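Note that this is a predicted model, so its numbers are computed, not measured. All heavy atoms count here, side chains included; hydrogens, waters and symmetry mates do not.
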Amino acid sequence: MSGPRASAVAAHAVSIAAFLAIWELAMRQEWLSAAFFGQPTGIVAFLWDGFVSGRKLWLELGYTILGTVVSFLLGSVLALALGLVFVMFPKVEHAMEPYLTVLNAMPRLALAPLFLLWFGLGIGSKIAVGTSLSFFIVLANTVAGIRGASQDLVVLSRSLGATPRQVFFKVTLPSAVPVIFSGLRLALIYSMLGVVGAELIAAEHGLGQQLAYLQATFNMNGVMALLVLLALLGMVVTQGMTRLEKAMLRWQ
């Protein structure tokens, strides 16, 4: 690890440690109520019991991650396929645009009870909510990315004798990858938000279901612990997609 990077990591570690120390002191001195804010030592104890002693949280985390991954893949694949159809057949896009606009305008979490009725309390309803959120993000970015490709490169490729297939796969699609990946990164986060949001409403398993239960029983240490866990999960997901994007765009 280089010097500036190591210094930045150390600065972040010191800041977080100082924040936690002040938080713990405020709880012990009763300047703040642990019933409303939780306590760092209690949060650590909850996570230790959930992942090491009792290991119950592994199951809930697995359900949330599975729902997120499946909904992201399903929504992204469908959106990429439909985006390609729209680019190749503009009349299809023109015909479907009003309906897609209406569906996209609907608040998906408000539709969660309907998905619960259709797919039940299991993971299917969570995947439906996550897919509905990721689909429109990837679709918009796919169409925008492909249509935003440099027309100068396209014309130059055609003038050099490239076939339409070669132009699309060697010029247009590579040029659209950065925009598409931007949508994929955002779609993955929204998939997780959709899954967790649906779990909060009603679920058999998942971090959202556990969060709703702990909130109802006023276990603030557990609530704060799961919020920290979800924040870390979101950070890992974002960093993973960013690294993947950099690896795939190394040719640029």
Side-chain angles (χ1 to χ4, degrees), residues 38 43 46-47 50-51 54-83 99-142 182-241:
I43 293 171
F46 180 88
L47 291 174
F51 286 111
R55 300 184 178 181
K56 181 182 178 181
L57 286 180
W58 286 112
L59 176 64
E60 313 304 336
L61 178 62
Y63 266 85
T64 298
I65 291 177
L66 177 62
T68 299
V69 172
V70 173
S71 60
F72 167 71
L73 292 176
L74 186 59
S76 299
V77 169
L78 292 174
L80 287 169
L82 188 59
Y99 305 103
L100 291 175
T101 301
V102 170
L103 291 174
N104 191 29
M106 291 183 180
R108 252 74 75 192
L109 285 180
L111 294 176
L114 186 61
F115 290 138
L116 287 167
L117 179 64
W118 289 347
F119 303 105
L121 289 175
I123 196 171
S125 56
K126 315 314 177 277
I127 291 174
V129 176
T131 300
S132 67
L133 285 170
S134 63
F135 172 80
F136 289 99
I137 296 172
V138 178
L139 177 62
N141 279 61
T142 299
S182 178
L184 289 173
R185 184 170 58 248
L186 189 60
L188 185 54
I189 294 296
Y190 271 81
S191 293
M192 187 178 74
L193 293 177
V195 170
V196 173
E199 289 172 349
L200 280 168
I201 296 173
E204 296 175 330
H205 294 284
L207 293 179
Q209 185 270 339
Q210 283 294 300
L211 188 60
Y213 171 76
L214 293 169
Q215 198 171 13
T217 56
F218 299 98
N219 186 341
M220 192 53 61
N221 286 330
V223 170
M224 296 300 291
L226 291 189
L227 290 178
V228 170
L229 182 60
L230 287 170
L232 291 175
L233 183 60
M235 184 177 68
V236 169
V237 163
T238 302
Q239 289 296 319
M241 287 296 293

**Message:** Leu229 vs Met224, test: side chain to side chain contact (heavy atoms under 4.5 Å, CB included). Steps then yes/no.
**Reply:** CA-CA 9 Å; Leu229 182 60; Met224 296 300 291; over 6 Å; no
**Asked** Can you name the nearest heavy-atom pair linking Ile43 to Asn221, along with the distance?
**Response** CG1-O, 3.7 Å
**Prompt:** Distance-only, no hydrogens or angles: does the Lys126 side chain make a donor-acceptor pair with backbone N or O of Gly197 under 3.5 Å?
**Reply:** no
**Prompt:** Are any non-hydrogen side-chain atoms of Leu211 and Leu227 less than 4.5 angstrom apart?
**Reply:** yes
**Prompt:** Any donor-acceptor pair under 3.5 Å linking the side chain of Thr142 with the backbone of Gly83?
**Reply:** no
**Prompt:** Is there a side-chain contact between Ile123 and Val70 (heavy atoms, below 4.5 Å)?
**Reply:** no
**Message:** Please give me the minimum heavy-atom distance between Ile189 and Val237, naming the atom from each residue.
**Reply:** CD1-CG1, 4.0 Å
**Asked** Which is it for Asn219 and Phe46 under the side chain to side chain contact (heavy atoms under 4.5 Å, CB included) test, yes or no, and what are the steps along the way?
**Response** CA-CA 10 Å; Asn219 186 341; Phe46 180 88; 4.3 Å; yes
**Prompt:** Counting distance only, does the side-chain N/O of Ser134 pair as donor-acceptor with the main-chain N or O of Thr131 below 3.5 Å?
**Reply:** yes
**Asked** Ser132 side chain to Val129 main-chain N or O, any donor-acceptor pair under 3.5 Å?
**Response** yes
**Request:** List the atom of Asn141, the atom of Gly183, and the distance in Å for their closest heavy-atom pair.
**Result:** ND2-N, 3.3 Å
**Message:** Check the orientation of Phe115 and Phe119. Use parallel for under 30°, tilted for 30 to 60°, and perpendicular for over 60°.
**Reply:** tilted
**Pairwise side-chain contact, Glu199 with Glu60, heavy-atom cut-off 4.5 Å (strictly under)** = no
**Item:** Heavy-atom pair of closest approach, residues Val196 and Leu230
**Value:** CG2-CD2, 3.9 Å
**Asked** With no hydrogens and no angle check, is any side-chain donor or acceptor of Ser125 less than 3.5 Å from a backbone partner on Gly120?
**Response** yes
**Message:** For a side chain to side chain contact (heavy atoms under 4.5 Å, CB included) check, start with the C-alpha distance between Asn104 and Leu100, then their side-chain angles and the critical distance, and finish with the verdict.
**Reply:** CA-CA 6 Å; Asn104 191 29; Leu100 291 175; 6.0 Å; no
**Request:** Please say whether more than 12 non-hydrogen atoms of neighbouring residues, nucleotides or ligands are located less than 6.0 Å from OH in Tyr190.
**Result:** no
**Prompt:** Hey, is CZ on Phe51 packed in by over 12 heavy atoms from elsewhere, all under 6.0 Å?
**Reply:** yes
**Request:** Starting from the C-alpha separation in whole Å, work towards a yes-or-no answer on side chain to side chain contact (heavy atoms under 4.5 Å, CB included) for Ser71 and Val195.
**Result:** CA-CA 8 Å; Ser71 60; Val195 170; 4.0 Å; yes
